J.: 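Below you will find the structure I want to go over with you.
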Amino acid sequence: MASIANSNLPRRIIKETQRLLSEPAPGISASPSEDNLRYFNVMILGPTQSPYEGGVFKLELFLPEEYPMAAPKVRFLTKIYHPNIDKLGRICLDILKDKWSPALQIRTVLLSIQALLSVPNPDDPLDENIAKHWKTNEAEAVATAKEWTRMYASGA
Amino acid sequence: MAGEGNPSFWCYQCNRAVLPADAEMDVKCPICDGEFLEEMESPVPTHTVQTAAPSGQTVNVAGDEAAAVAGRIAYSEEGSAQSRIGTRPESVAGNTPAIFQLLQALSGVLGGQGAGSQIPQAGLFNPTIVLQNYVGEGGNVQIVFDSGTGVGPRLMPGNIGDYSFGAELQQLIQQISENDPNRYGTPPAAKSAVESLPTIHISEEHLGTDYAQCAVCKDEFDLGSEAREMPCKHIYHAECIFPWLAEHSSCPVCRHELPTDDAEYNQTGVQQNSTAPASEPTARAEGADPGGGGVTGTGFRIGEASSGSDLNAAIRGAAQVGGRGGIGRRVSFQLPWPFRLNNTASASATTQSETFGSGDVSHLDTQTGSPSELVPDSHISRTARGSGDEVAEEPRHENLG
C-alpha cells in the first residue's frame, strides 16, 4: 500500500487502513482495493461454537464520502443462512444504521458483524423466513446454517 | 364505473390510465391524443390494504386503493409532468425523489380511510401531514397485503407479483432511504447548544486516559491544545465534533444528547418519558443509561425506556404492539424524525422489520455494539440485556487494546 500515503484520503482512513493491515483483528481481514482505497475486501472467519464455524465469509465494505460522519456500507458476498442477513447479503445491524457514531470504525464494525454471527437475533429479522425457521425450529435452522457454511463458505 | 364519478380509460399507446377531457363526446387520450382507449371497469378488489391507526383500529381500504398505490409505485420512474396515474391529478412523477413518490402513494392509502373514499379525494392529502399525524401520536403505518387472488384492477396491469410488496417493498424503501445516511439517528443539535460547548485546554491529566484521543479523528490531543467538551465530559476537536453535531445531537462516544432545535422531537421525547409506567424496572434501568443509546427491549418497553432520546425506538415499540394478529403480510414503516418537520420535501421512510401476523411481536434490536459498548468509556452504565451483552463484549474489549 505504498500509494496510500499519497492519496487524498482523510487521515483517519489512512490510519485505520494501516492498522487493519498491521494489526488485523482476530478472524478478520480487511484490505483496501487497489483501484479504490475506500473499498475494502473483507474476510470474516465464522466464530467458533457458532453454526458458521469453519466458514470463511467474504464481505465488501465501502466508506462513503461522508465517512466517518456516515456509516460504512457493508454487505456479505458469501451466501449465509442467518436471520439478520438477507439473501443479498445486507446486514441488519443498528450501528450500520441509526446507531452509527463517528467514534466507531471499520474494525469495530467488522467485529460487531462477527459477533452477530455468534448471536443471531431472530427477533429483529431481516430475512423473515430464516427468522421464522430459527424461532420455530432452532436446531433445524442451525443445521441449515451449518450446511450453508459447508457449501458456500468452505474457504475457497 | 361508467356514468358515475370520473370514468378512467386505459390508453394502450401511452400504456397508462388516462382521464379524457370529455369522456362523453370525444374519447381521446389527453397525452398522446390517440383513440386507442378502453374504458376501465370498476376494479375488482383483490388486495386489501389496512392501515392500523395508533388506537388499534384497523381501516380497510378497497382494493382499488391498493392497486392505485401499486400503480403509482410502479410508474414512479417514468413520469413526466403530465403523467397521471389513475385519476389522481396530483400524481406527478418525474423529478420527485422516488421516496417521496412512495410517500404519495402511501398517502393515498392513508387518505382512503374515510368511508367510501374514492381515489380522487386522496389528492387532498399531503403525505407529510398525514404521516405527521400518525407519528404525532406515536403510531405507525402498516400496510397489510392479504393474499388475494384474481386479476388485478386495470390501474395495475400485469401480475401483482411484478410489483414491490411486502419484503420487497420494505427493501425498496430501505434501499431508497439508505441513500441518505443522514436520515438516520438523532436530529441535529441546537446551534446554541453547540456554540456554548466549553473550550478546554488539554492538560497532562487528559493525556494517558481514555480522553487522550479524539474519538472522531482518532488522533491524540496535543498538550495545551484546545478541545470542546460535551456535557458528558467527552472531548473532541472542534473541527471533528461540529460536523457531527450539525447532523446529530448525540455524543459519538456515549450518545448523550444535546438539545435540538426540533421542538417536536424534544416534545415527543418528553411525552414518551411521562407515559412510562413505573412498574418497569428493566425499562427504567435502560432509561438510566446516560446515553440513552443502545436502547433495546421488547415491545412497548423500547419506547418507554428510551428516556426521550430515541424516538425511532419509541415508534418502533409502539409499532410492534398495534394491530397484530391479522393475517397476511405486514410491513411496519418506521418514521424517522424528519417526518415531523412541516413541508419537508426530503422526507424519507426507513422500514422496520417485517413481523408476522400471528408471530411474536417482540422486537429486539440487534444492538450488537453501540458506541457506548465499543468505545472505551468506563462510566457508561451497561445494562443487562441477555444476548445483546454477549454480542457487545468482544468489540468492546477489542477496542480497549
Side-chain angles (χ1 to χ4, degrees), chain A residues 10-12 15-16 19 23 25-28 47 64-73 83-84 86-88 90-105 107-129 131-132 135-136, chain B residues 166-167 171 174 178 181-186 215-219 234 240-241 243-244 246-248 250-253 255 293-294 296 298 310 312-313 329 336 350 353-356 359-360 362-372 374-375 387-388 390-396 398-399 401:
Chain A
R11 224 156 70 86
R12 168 172 158 164
K15 277 178 85 166
E16 279 197 63
R19 182 152 175 248
E23 308 165 44
I28 292 175
E65 188 60 39
E66 301 86 1
Y67 181 85
M69 296 303 155
K73 299 188 181 304
N84 310 111
D86 73 5
K87 59 176 182 269
L88 297 178
R90 294 176 305 188
I91 306 161
C92 180
L93 189 59
D94 59 344
I95 58 161
L96 296 176
K97 306 279 163 56
D98 59 318
K99 292 291 191 293
W100 170 253
S101 148
L104 295 164
Q105 46 184 320
R107 174 181 296 259
T108 47
V109 162
L110 295 179
L111 282 161
S112 297
I113 293 170
Q114 191 184 42
L116 184 64
L117 297 186
S118 289
V119 190
N121 182 359
D123 289 327
D124 185 24
L126 188 56
D127 190 306
E128 63 192 67
N129 293 325
K132 199 173 177 182
K135 288 170 105 170
T136 53
Chain B
Q171 284 171 6
Q174 187 181 347
E178 270 176 2
N182 298 331
R183 293 280 163 247
Y184 292 120
T186 54
V216 173
C217 68
K218 310 291 182 193
D219 282 341
H234 290 113
C240 292
I241 193 63
W244 174 253
E247 290 170 8
H248 302 283
S250 56
C251 171
V253 170
R255 302 195 196 283
T296 187
T298 57
D310 191 337
N312 286 349
R329 306 184 80 171
T350 59
S353 57
E354 195 162 317
T355 58
F356 299 100
D360 189 341
S362 70
H363 184 93
L364 187 68
D365 257 334
T366 32
Q367 309 289 349
T368 55
S370 53
S372 54
L374 291 165
V375 174
S387 60
E390 297 160 30
V391 172
E393 281 304 327
E394 196 171 358
R396 191 172 69 113
E398 189 281 330
N399 201 46

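This structure is a prediction, so every number in the text was calculated from the model and none was measured. Side chains are part of it too, since the values below use all heavy atoms of this structure and drop only hydrogens, waters and symmetry mates. Below, chains carry the letters A, B, ... as their sequence lines are ordered, and counting in each starts from 1.
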J.: Looking at every non-hydrogen atom in both residues, tell me the closest pair between B:Cys240 and A:Met69 and how far apart they are.
T.: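 Result for this residue pair: O-CE, 3.4 Å.
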J.: What closest approach, in Å, do B:Val216 and A:Arg12 show between heavy atoms, and which atom pair accounts for it?
T.: O-NH1, 2.6 Å
J.: I need the minimum non-hydrogen distance between A:Trp100 and B:Trp244, along with the two atoms involved.
T.: O-CH2, 3.4 Å
J.: Show the nearest heavy-atom pair for residues B:Pro252 and A:Ala103, with the distance to one decimal.
T.: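 Reported closest heavy-atom pair: O-CB, 3.5 Å.
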J.: Testing A:Arg11, A:Arg19, A:Gln105 for side-chain contact (heavy atoms from CB on, under 4.5 Å) with B:Lys218, which one passes?
T.: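 Between B:Lys218 and the candidates, side-chain contact (heavy atoms from CB on, under 4.5 Å) is satisfied uniquely by A:Gln105.
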J.: Once side-chain contact (heavy atoms from CB on, under 4.5 Å) is applied, do any residues pair with A:Pro10, and if so which ones, sequence neighbours excluded?
T.: A:Ile13, A:Arg38
